[in-house]
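Some notes on the structure that comes next.
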Amino acid sequence: MTVRTRFAPSPTGFLHLGGARTALYSWAYARHHGGQFILRIEDTDLERSTPEAVQAILDGMKWLGLEHDEGPFYQMKRMDRYREVIGQMLQEGTAYYCYCTPEELNAMRERQKAAGESPRYDGTWRPEPGKTLPPAPEGVNPVVRFRNPAEGDVTWNDRVKGEITISNSQLDDLIIARSDGTPTYNFCVVVDDWDMGITHVIRGDDHVNNTPRQINILKALKAPVPEYAHLPMILGDDGEKLSKRHGAVSVMEYPAAGYLPEAMLNYLARLGWSHGDDEIFSMKQFCEWFDFDHLSSSAAQFNTEKLNWLNNHYIREADNARLAALVRPQLEKMGVKLESGPALEDVIALMKDRVNTLNELANASLMFYREPDPDPELLKQHLTEAARTALKAYAANVETIEWQREALSAMMKALLKENRMKMPQVAMPLRLLLTGQLHTPSIDAVVCLFGRETVLSRLKGL
Ligand code: GLU
(Lines give C-alpha, C1' and ligand atoms only; values in the text may rest on other atoms or scores of the structure.)
Protein backbone atom coordinates (compact mmCIF):
# COMPACT_ATOMS: atom_id res chain seq x y z
CA MET A 1 0.00 0.00 0.00
CA THR A 2 1.31 3.44 -0.90
CA VAL A 3 0.77 5.90 1.90
CA ARG A 4 -1.20 8.94 0.79
CA THR A 5 -1.82 11.79 3.19
CA ARG A 6 -3.39 15.17 2.72
CA PHE A 7 -3.59 18.61 4.21
CA ALA A 8 -7.04 20.04 3.69
CA PRO A 9 -7.29 23.58 5.02
CA SER A 10 -10.38 25.75 4.74
CA PRO A 11 -9.22 29.09 3.31
CA THR A 12 -11.06 31.26 5.79
CA GLY A 13 -8.03 33.00 7.28
CA PHE A 14 -4.28 32.78 7.49
CA LEU A 15 -2.40 29.50 7.90
CA HIS A 16 -2.18 29.22 11.67
CA LEU A 17 0.39 27.33 13.70
CA GLY A 18 -1.94 24.40 14.37
CA GLY A 19 -2.63 24.03 10.66
CA ALA A 20 1.05 24.22 9.86
CA ARG A 21 1.81 21.46 12.36
CA THR A 22 -0.94 19.27 10.85
CA ALA A 23 0.53 19.90 7.41
CA LEU A 24 4.03 19.10 8.67
CA TYR A 25 3.00 15.79 10.22
CA SER A 26 0.99 14.77 7.14
CA TRP A 27 3.91 15.66 4.90
CA ALA A 28 6.44 13.87 7.11
CA TYR A 29 4.32 10.75 7.34
CA ALA A 30 4.09 10.54 3.55
CA ARG A 31 7.84 11.19 3.21
CA HIS A 32 8.66 8.59 5.88
CA HIS A 33 6.81 5.95 3.89
CA GLY A 34 7.85 7.10 0.44
CA GLY A 35 4.23 8.01 -0.22
CA GLN A 36 2.42 11.06 -1.51
CA PHE A 37 1.27 14.24 0.15
CA ILE A 38 -1.76 15.98 -1.29
CA LEU A 39 -2.90 19.56 -0.83
CA ARG A 40 -6.63 20.17 -0.94
CA ILE A 41 -8.31 23.50 -0.46
CA GLU A 42 -11.72 23.11 1.20
CA ASP A 43 -13.30 26.24 -0.19
CA THR A 44 -16.98 25.34 -0.20
CA ASP A 45 -17.84 27.86 2.50
CA LEU A 46 -18.32 30.66 0.02
CA GLU A 47 -19.03 33.29 2.62
CA ARG A 48 -15.86 32.71 4.57
CA SER A 49 -13.40 31.54 1.90
CA THR A 50 -11.26 34.17 0.23
CA PRO A 51 -8.58 34.10 -2.49
CA GLU A 52 -6.27 35.95 -0.07
CA ALA A 53 -6.61 33.12 2.43
CA VAL A 54 -5.82 30.57 -0.30
CA GLN A 55 -2.72 32.57 -1.15
CA ALA A 56 -1.76 32.82 2.53
CA ILE A 57 -1.94 29.03 2.81
CA LEU A 58 0.14 28.51 -0.32
CA ASP A 59 2.68 31.10 0.88
CA GLY A 60 2.91 29.48 4.30
CA MET A 61 3.45 26.02 2.83
CA LYS A 62 6.07 27.39 0.48
CA TRP A 63 7.92 29.24 3.23
CA LEU A 64 8.02 26.05 5.29
CA GLY A 65 9.06 24.02 2.24
CA LEU A 66 6.23 21.50 2.67
CA GLU A 67 5.97 20.53 -0.96
CA HIS A 68 2.89 18.65 -2.07
CA ASP A 69 3.01 15.91 -4.67
CA GLU A 70 -0.52 16.45 -5.95
CA GLY A 71 -2.89 19.39 -5.98
CA PRO A 72 -3.81 21.87 -4.87
CA PHE A 73 -7.28 20.49 -5.52
CA TYR A 74 -10.14 22.91 -4.97
CA GLN A 75 -13.44 21.52 -3.76
CA MET A 76 -15.39 24.18 -5.64
CA LYS A 77 -14.05 22.67 -8.85
CA ARG A 78 -15.33 19.22 -7.91
CA MET A 79 -19.04 20.00 -7.59
CA ASP A 80 -20.00 17.79 -10.53
CA ARG A 81 -18.30 14.85 -8.90
CA TYR A 82 -20.09 15.37 -5.58
CA ARG A 83 -23.44 15.59 -7.39
CA GLU A 84 -22.63 12.41 -9.25
CA VAL A 85 -21.98 10.52 -6.00
CA ILE A 86 -25.15 11.93 -4.43
CA GLY A 87 -27.11 10.68 -7.45
CA GLN A 88 -25.52 7.28 -7.06
CA MET A 89 -26.39 7.11 -3.35
CA LEU A 90 -29.99 8.14 -3.99
CA GLN A 91 -30.23 5.37 -6.52
CA GLU A 92 -28.70 2.80 -4.21
CA GLY A 93 -30.88 3.89 -1.30
CA THR A 94 -28.00 4.95 0.97
CA ALA A 95 -29.37 8.49 0.75
CA TYR A 96 -32.87 9.90 0.43
CA TYR A 97 -34.78 13.11 -0.15
CA CYS A 98 -36.12 14.85 2.90
CA TYR A 99 -38.88 17.44 2.41
CA CYS A 100 -39.04 18.77 5.93
CA THR A 101 -39.22 22.54 5.89
CA PRO A 102 -37.06 24.61 8.27
CA GLU A 103 -40.22 25.35 10.26
CA GLU A 104 -40.98 21.66 10.63
CA LEU A 105 -37.43 20.98 11.72
CA ASN A 106 -37.64 23.78 14.28
CA ALA A 107 -40.87 22.41 15.64
CA MET A 108 -39.27 18.93 15.80
CA ARG A 109 -36.35 20.32 17.78
CA GLU A 110 -38.62 22.20 20.18
CA ARG A 111 -40.73 19.08 20.78
CA GLN A 112 -37.65 17.01 21.52
CA LYS A 113 -36.19 19.62 23.83
CA ALA A 114 -39.48 19.88 25.71
CA ALA A 115 -39.45 16.09 26.13
CA GLY A 116 -35.89 16.29 27.49
CA GLU A 117 -34.41 14.52 24.45
CA SER A 118 -31.38 15.68 22.52
CA PRO A 119 -32.44 17.23 19.22
CA ARG A 120 -32.03 15.02 16.17
CA TYR A 121 -33.72 14.39 12.86
CA ASP A 122 -36.58 12.00 13.59
CA GLY A 123 -36.52 10.10 10.29
CA THR A 124 -39.80 11.46 8.88
CA TRP A 125 -38.65 10.91 5.30
CA ARG A 126 -36.33 8.01 5.92
CA PRO A 127 -37.47 5.04 3.86
CA GLU A 128 -37.94 1.90 5.91
CA PRO A 129 -39.24 -1.46 4.80
CA GLY A 130 -43.01 -1.52 5.17
CA LYS A 131 -43.21 2.24 5.81
CA THR A 132 -45.29 4.41 3.52
CA LEU A 133 -43.88 7.83 3.00
CA PRO A 134 -46.14 10.85 2.60
CA PRO A 135 -46.42 12.19 -0.96
CA ALA A 136 -43.69 14.70 -1.76
CA PRO A 137 -45.08 18.18 -1.16
CA GLU A 138 -45.25 20.58 -4.12
CA GLY A 139 -42.88 23.50 -4.22
CA VAL A 140 -40.48 22.24 -1.54
CA ASN A 141 -36.91 21.66 -2.67
CA PRO A 142 -35.75 18.67 -0.68
CA VAL A 143 -32.40 18.21 1.00
CA VAL A 144 -30.61 14.89 0.61
CA ARG A 145 -29.88 12.96 3.77
CA PHE A 146 -27.47 10.11 4.34
CA ARG A 147 -29.18 6.99 5.60
CA ASN A 148 -27.02 6.41 8.65
CA PRO A 149 -27.12 2.81 9.93
CA ALA A 150 -29.70 2.63 12.71
CA GLU A 151 -27.96 -0.15 14.62
CA GLY A 152 -24.49 -0.92 15.84
CA ASP A 153 -21.43 1.20 16.46
CA VAL A 154 -18.69 2.95 14.57
CA THR A 155 -15.24 2.13 15.88
CA TRP A 156 -11.86 3.29 14.76
CA ASN A 157 -8.44 2.96 16.23
CA ASP A 158 -7.34 6.54 16.37
CA ARG A 159 -3.58 6.67 16.00
CA VAL A 160 -3.35 9.40 18.62
CA LYS A 161 -6.33 8.89 20.88
CA GLY A 162 -6.66 5.12 20.81
CA GLU A 163 -9.86 3.22 20.12
CA ILE A 164 -12.97 5.37 19.82
CA THR A 165 -16.46 3.90 19.58
CA ILE A 166 -19.60 5.87 18.82
CA SER A 167 -23.01 4.30 18.79
CA ASN A 168 -24.99 4.81 15.60
CA SER A 169 -27.95 5.68 17.79
CA GLN A 170 -26.13 8.96 18.50
CA LEU A 171 -25.81 9.86 14.84
CA ASP A 172 -28.81 11.10 12.94
CA ASP A 173 -29.22 11.21 9.17
CA LEU A 174 -26.79 13.87 8.04
CA ILE A 175 -27.76 16.30 5.29
CA ILE A 176 -25.32 15.67 2.45
CA ALA A 177 -26.90 18.07 -0.08
CA ARG A 178 -28.73 21.28 0.76
CA SER A 179 -32.04 22.18 -0.85
CA ASP A 180 -30.17 24.16 -3.52
CA GLY A 181 -28.25 20.99 -4.38
CA THR A 182 -24.89 22.04 -2.94
CA PRO A 183 -23.08 19.28 -1.09
CA THR A 184 -22.23 19.73 2.59
CA TYR A 185 -18.87 19.79 4.28
CA ASN A 186 -18.58 16.26 5.65
CA PHE A 187 -19.76 14.79 2.40
CA CYS A 188 -17.18 16.61 0.27
CA VAL A 189 -14.41 15.47 2.63
CA VAL A 190 -15.52 11.87 2.26
CA VAL A 191 -15.71 11.91 -1.52
CA ASP A 192 -12.34 13.63 -1.72
CA ASP A 193 -10.60 11.26 0.68
CA TRP A 194 -12.01 8.40 -1.33
CA ASP A 195 -11.22 9.77 -4.81
CA MET A 196 -7.78 10.92 -3.74
CA GLY A 197 -6.96 7.52 -2.28
CA ILE A 198 -6.12 8.94 1.13
CA THR A 199 -4.80 6.21 3.40
CA HIS A 200 -4.08 8.32 6.52
CA VAL A 201 -6.09 11.30 7.67
CA ILE A 202 -4.07 13.46 10.04
CA ARG A 203 -6.00 16.47 11.32
CA GLY A 204 -6.92 18.51 14.35
CA ASP A 205 -9.05 16.88 17.03
CA ASP A 206 -11.78 19.44 16.46
CA HIS A 207 -12.79 16.97 13.72
CA VAL A 208 -13.18 13.90 15.94
CA ASN A 209 -16.95 14.36 15.95
CA ASN A 210 -17.04 14.27 12.16
CA THR A 211 -15.14 11.02 11.91
CA PRO A 212 -17.90 8.48 12.72
CA ARG A 213 -20.19 10.20 10.21
CA GLN A 214 -17.48 10.19 7.58
CA ILE A 215 -16.67 6.52 8.21
CA ASN A 216 -20.33 5.57 7.83
CA ILE A 217 -20.59 7.38 4.50
CA LEU A 218 -17.35 5.80 3.27
CA LYS A 219 -18.70 2.38 4.18
CA ALA A 220 -21.98 3.10 2.41
CA LEU A 221 -19.94 3.95 -0.67
CA LYS A 222 -17.93 0.73 -0.22
CA ALA A 223 -14.86 2.93 -0.11
CA PRO A 224 -11.83 1.96 1.95
CA VAL A 225 -11.75 3.62 5.37
CA PRO A 226 -8.46 5.44 5.98
CA GLU A 227 -6.64 5.47 9.29
CA TYR A 228 -7.25 8.53 11.43
CA ALA A 229 -4.88 10.45 13.67
CA HIS A 230 -6.44 13.39 15.49
CA LEU A 231 -3.93 15.83 16.88
CA PRO A 232 -4.63 17.63 20.13
CA MET A 233 -4.74 21.37 19.91
CA ILE A 234 -1.97 23.82 20.63
CA LEU A 235 -2.30 25.99 23.72
CA GLY A 236 -0.61 29.29 24.51
CA ASP A 237 2.14 29.42 27.16
CA ASP A 238 -0.55 30.16 29.78
CA GLY A 239 -2.45 26.96 29.00
CA GLU A 240 -5.31 28.76 27.25
CA LYS A 241 -6.29 28.01 23.65
CA LEU A 242 -3.68 29.60 21.38
CA SER A 243 -4.95 32.92 20.10
CA LYS A 244 -3.79 36.35 18.94
CA ARG A 245 -3.44 37.31 22.56
CA HIS A 246 -0.38 35.06 22.78
CA GLY A 247 1.38 36.77 19.88
CA ALA A 248 1.66 35.65 16.30
CA VAL A 249 -0.60 32.73 15.41
CA SER A 250 -0.29 33.12 11.66
CA VAL A 251 2.68 31.29 10.21
CA MET A 252 3.52 34.13 7.85
CA GLU A 253 4.00 36.53 10.72
CA TYR A 254 7.11 34.56 11.60
CA PRO A 255 9.27 35.32 8.55
CA ALA A 256 8.27 38.95 9.03
CA ALA A 257 9.42 38.75 12.65
CA GLY A 258 12.77 37.29 11.62
CA TYR A 259 12.37 33.55 12.10
CA LEU A 260 13.97 30.97 9.84
CA PRO A 261 11.70 28.27 8.41
CA GLU A 262 13.95 25.47 9.68
CA ALA A 263 13.54 26.80 13.24
CA MET A 264 9.77 26.89 12.89
CA LEU A 265 9.68 23.39 11.39
CA ASN A 266 11.91 21.95 14.11
CA TYR A 267 9.80 23.71 16.71
CA LEU A 268 6.47 22.47 15.32
CA ALA A 269 7.86 18.96 14.87
CA ARG A 270 8.56 18.74 18.61
CA LEU A 271 5.28 20.36 19.56
CA GLY A 272 3.30 17.18 20.13
CA TRP A 273 5.81 14.57 19.03
CA SER A 274 9.11 13.42 20.48
CA HIS A 275 12.09 11.26 19.72
CA GLY A 276 13.81 10.64 23.03
CA ASP A 277 15.54 13.79 24.18
CA ASP A 278 16.31 15.02 20.70
CA GLU A 279 15.49 18.69 20.36
CA ILE A 280 17.42 19.80 17.31
CA PHE A 281 17.09 17.86 14.09
CA SER A 282 16.79 18.43 10.37
CA MET A 283 13.65 17.75 8.40
CA LYS A 284 15.42 14.86 6.71
CA GLN A 285 16.00 13.34 10.11
CA PHE A 286 12.44 14.12 11.19
CA CYS A 287 11.00 12.34 8.15
CA GLU A 288 13.11 9.30 9.00
CA TRP A 289 11.94 9.27 12.60
CA PHE A 290 8.35 10.43 12.37
CA ASP A 291 5.71 7.91 13.36
CA PHE A 292 2.38 7.90 15.17
CA ASP A 293 3.70 6.05 18.20
CA HIS A 294 5.38 9.09 19.65
CA LEU A 295 2.61 11.59 19.14
CA SER A 296 1.43 13.10 22.36
CA SER A 297 -2.23 12.67 23.20
CA SER A 298 -2.36 15.76 25.38
CA ALA A 299 -2.46 19.35 24.21
CA ALA A 300 0.89 20.97 23.47
CA GLN A 301 1.87 24.36 24.85
CA PHE A 302 3.41 26.93 22.61
CA ASN A 303 6.60 28.28 24.08
CA THR A 304 8.08 31.34 22.43
CA GLU A 305 11.32 31.04 24.40
CA LYS A 306 11.98 27.61 22.99
CA LEU A 307 11.23 28.78 19.48
CA ASN A 308 13.67 31.65 20.03
CA TRP A 309 16.30 29.24 21.27
CA LEU A 310 15.90 27.13 18.13
CA ASN A 311 15.92 30.21 15.92
CA ASN A 312 19.16 31.33 17.56
CA HIS A 313 20.61 27.89 16.86
CA TYR A 314 19.62 27.95 13.19
CA ILE A 315 20.80 31.53 12.74
CA ARG A 316 24.20 30.52 14.10
CA GLU A 317 24.28 27.55 11.73
CA ALA A 318 23.10 29.47 8.69
CA ASP A 319 25.38 30.59 5.94
CA ASN A 320 26.31 34.27 6.33
CA ALA A 321 25.51 35.11 2.72
CA ARG A 322 21.99 33.71 3.15
CA LEU A 323 21.49 35.70 6.35
CA ALA A 324 22.82 38.83 4.69
CA ALA A 325 20.32 38.41 1.85
CA LEU A 326 17.50 38.17 4.42
CA VAL A 327 18.68 41.06 6.57
CA ARG A 328 19.73 43.47 3.78
CA PRO A 329 16.18 44.46 2.71
CA GLN A 330 15.29 45.23 6.32
CA LEU A 331 18.31 47.47 6.76
CA GLU A 332 17.64 49.18 3.45
CA LYS A 333 14.07 49.79 4.53
CA MET A 334 15.44 51.54 7.62
CA GLY A 335 17.40 53.82 5.30
CA VAL A 336 20.77 52.31 6.19
CA LYS A 337 23.56 52.95 3.66
CA LEU A 338 25.35 49.64 3.57
CA GLU A 339 28.22 51.05 1.47
CA SER A 340 29.13 53.23 4.41
CA GLY A 341 30.33 50.31 6.53
CA PRO A 342 31.96 46.89 6.45
CA ALA A 343 30.63 44.03 4.30
CA LEU A 344 27.28 42.93 5.75
CA GLU A 345 28.31 39.28 5.71
CA ASP A 346 31.26 40.06 7.97
CA VAL A 347 29.07 42.05 10.35
CA ILE A 348 26.62 39.15 10.45
CA ALA A 349 29.39 36.66 11.14
CA LEU A 350 30.34 38.72 14.18
CA MET A 351 26.85 39.47 15.49
CA LYS A 352 24.76 36.37 14.76
CA ASP A 353 25.60 34.40 17.90
CA ARG A 354 23.94 36.94 20.11
CA VAL A 355 20.51 37.27 18.49
CA ASN A 356 17.30 35.27 18.46
CA THR A 357 15.77 36.70 15.31
CA LEU A 358 16.81 38.25 12.02
CA ASN A 359 15.18 41.48 13.15
CA GLU A 360 17.46 41.53 16.16
CA LEU A 361 20.33 40.79 13.80
CA ALA A 362 19.40 43.78 11.64
CA ASN A 363 19.24 46.01 14.71
CA ALA A 364 22.51 44.66 16.06
CA SER A 365 24.19 45.38 12.71
CA LEU A 366 23.08 49.01 12.66
CA MET A 367 26.02 50.28 14.69
CA PHE A 368 28.39 49.48 11.83
CA TYR A 369 26.51 51.76 9.42
CA ARG A 370 25.59 54.74 11.55
CA GLU A 371 27.63 57.61 12.90
CA PRO A 372 28.02 56.96 16.63
CA ASP A 373 26.06 59.22 18.90
CA PRO A 374 27.28 58.39 22.39
CA ASP A 375 25.37 59.61 25.40
CA PRO A 376 27.42 62.59 26.73
CA GLU A 377 26.86 61.41 30.30
CA LEU A 378 28.29 57.99 29.55
CA LEU A 379 31.16 59.53 27.70
CA LYS A 380 31.95 61.76 30.63
CA GLN A 381 31.88 58.78 32.93
CA HIS A 382 34.06 56.46 30.80
CA LEU A 383 36.36 58.80 28.91
CA THR A 384 38.61 59.63 31.85
CA GLU A 385 41.88 61.52 31.44
CA ALA A 386 43.75 58.23 31.73
CA ALA A 387 41.52 56.66 29.08
CA ARG A 388 42.03 59.63 26.79
CA THR A 389 45.82 59.31 27.05
CA ALA A 390 45.67 55.56 26.43
CA LEU A 391 43.33 55.96 23.46
CA LYS A 392 45.61 58.58 21.89
CA ALA A 393 48.40 56.04 22.04
CA TYR A 394 46.01 53.43 20.71
CA ALA A 395 45.15 55.69 17.75
CA ALA A 396 48.83 56.25 17.02
CA ASN A 397 49.37 52.47 16.90
CA VAL A 398 46.34 52.02 14.69
CA GLU A 399 48.05 54.11 12.00
CA THR A 400 50.71 51.53 11.33
CA ILE A 401 49.64 48.22 12.81
CA GLU A 402 49.13 45.17 10.63
CA TRP A 403 45.30 45.05 10.27
CA GLN A 404 44.54 41.79 11.92
CA ARG A 405 42.53 40.88 14.96
CA GLU A 406 45.38 39.09 16.77
CA ALA A 407 47.74 42.03 16.22
CA LEU A 408 45.11 44.46 17.50
CA SER A 409 44.56 42.30 20.53
CA ALA A 410 48.29 42.09 21.31
CA MET A 411 48.63 45.85 20.86
CA MET A 412 45.77 46.50 23.29
CA LYS A 413 47.31 44.19 25.90
CA ALA A 414 50.68 45.90 25.67
CA LEU A 415 49.00 49.27 25.95
CA LEU A 416 47.06 48.27 29.05
CA LYS A 417 50.22 46.99 30.66
CA GLU A 418 52.18 50.14 29.88
CA ASN A 419 49.42 52.36 31.27
CA ARG A 420 48.64 50.05 34.17
CA MET A 421 44.99 49.97 33.20
CA LYS A 422 42.39 47.27 33.03
CA MET A 423 40.60 46.30 29.82
CA PRO A 424 37.23 47.96 30.58
CA GLN A 425 38.91 51.28 31.35
CA VAL A 426 40.02 51.52 27.74
CA ALA A 427 37.60 49.26 25.93
CA MET A 428 34.45 50.96 27.25
CA PRO A 429 35.29 54.47 26.08
CA LEU A 430 36.63 52.99 22.84
CA ARG A 431 33.30 51.22 22.31
CA LEU A 432 31.42 54.43 22.98
CA LEU A 433 33.54 56.42 20.55
CA LEU A 434 33.32 53.80 17.82
CA THR A 435 29.74 52.63 18.15
CA GLY A 436 27.96 54.88 20.61
CA GLN A 437 27.23 51.76 22.71
CA LEU A 438 28.74 50.03 25.69
CA HIS A 439 27.71 46.53 24.63
CA THR A 440 29.41 45.05 21.61
CA PRO A 441 31.25 41.85 20.81
CA SER A 442 34.96 41.70 21.60
CA ILE A 443 36.49 45.11 21.05
CA ASP A 444 39.32 43.74 18.88
CA ALA A 445 36.82 42.11 16.54
CA VAL A 446 34.76 45.29 16.34
CA VAL A 447 37.81 47.48 15.69
CA CYS A 448 39.08 45.06 13.07
CA LEU A 449 35.76 45.07 11.26
CA PHE A 450 35.39 48.86 11.22
CA GLY A 451 38.74 49.17 9.45
CA ARG A 452 41.68 51.47 9.99
CA GLU A 453 40.19 54.59 8.39
CA THR A 454 36.95 54.59 10.34
CA VAL A 455 38.70 53.87 13.64
CA LEU A 456 41.16 56.69 13.08
CA SER A 457 38.47 59.14 12.11
CA ARG A 458 36.43 58.32 15.23
CA LEU A 459 39.42 58.69 17.53
CA LYS A 460 40.52 61.96 15.93
CA GLY A 461 40.40 65.01 18.17
CA LEU A 462 40.68 63.16 21.46
N1 GLU B 1 -10.96 21.81 6.27
C2 GLU B 1 -10.79 21.38 7.60
C3 GLU B 1 -10.15 22.45 8.44
O4 GLU B 1 -9.53 23.35 7.90
C5 GLU B 1 -9.96 20.10 7.71
C6 GLU B 1 -10.71 18.92 7.30
C7 GLU B 1 -9.99 17.62 7.40
O8 GLU B 1 -8.75 17.62 7.57
O9 GLU B 1 -10.64 16.62 7.26
O10 GLU B 1 -10.24 22.41 9.63
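When a ligand or atom number is given, it counts from 1 through the structure's own listing order.
For Asp205, the salt bridge (charged side-chain N to carboxylate O under 4.0 Å, His left out) criterion is met by Lys161, not counting sequence neighbours. With sequence neighbours left out, Thr155 forms a side-chain contact (heavy atoms from CB on, under 4.5 Å) with Asp153, Glu163, Thr165. Partners of Glu240 by salt bridge (charged side-chain N to carboxylate O under 4.0 Å, His left out), not counting sequence neighbours: none found.
Within the 4.5 Å cutoff, the side chain of Leu378 has heavy atoms near those of the Leu438 side chain.
Minimum interatomic distance between Ile315 and Leu323 (heavy atoms only, all atoms of both residues): O-CD1, 3.4 Å.
Within 4.0 Å of ligand 1, contacts by protein heavy atoms are made from Arg6, Ala8, Pro9, Ser10, Glu42, Tyr185, Val189, Arg203, His207.
Tyr97 OH: 12 or fewer foreign heavy atoms inside a 6.0 Å radius.
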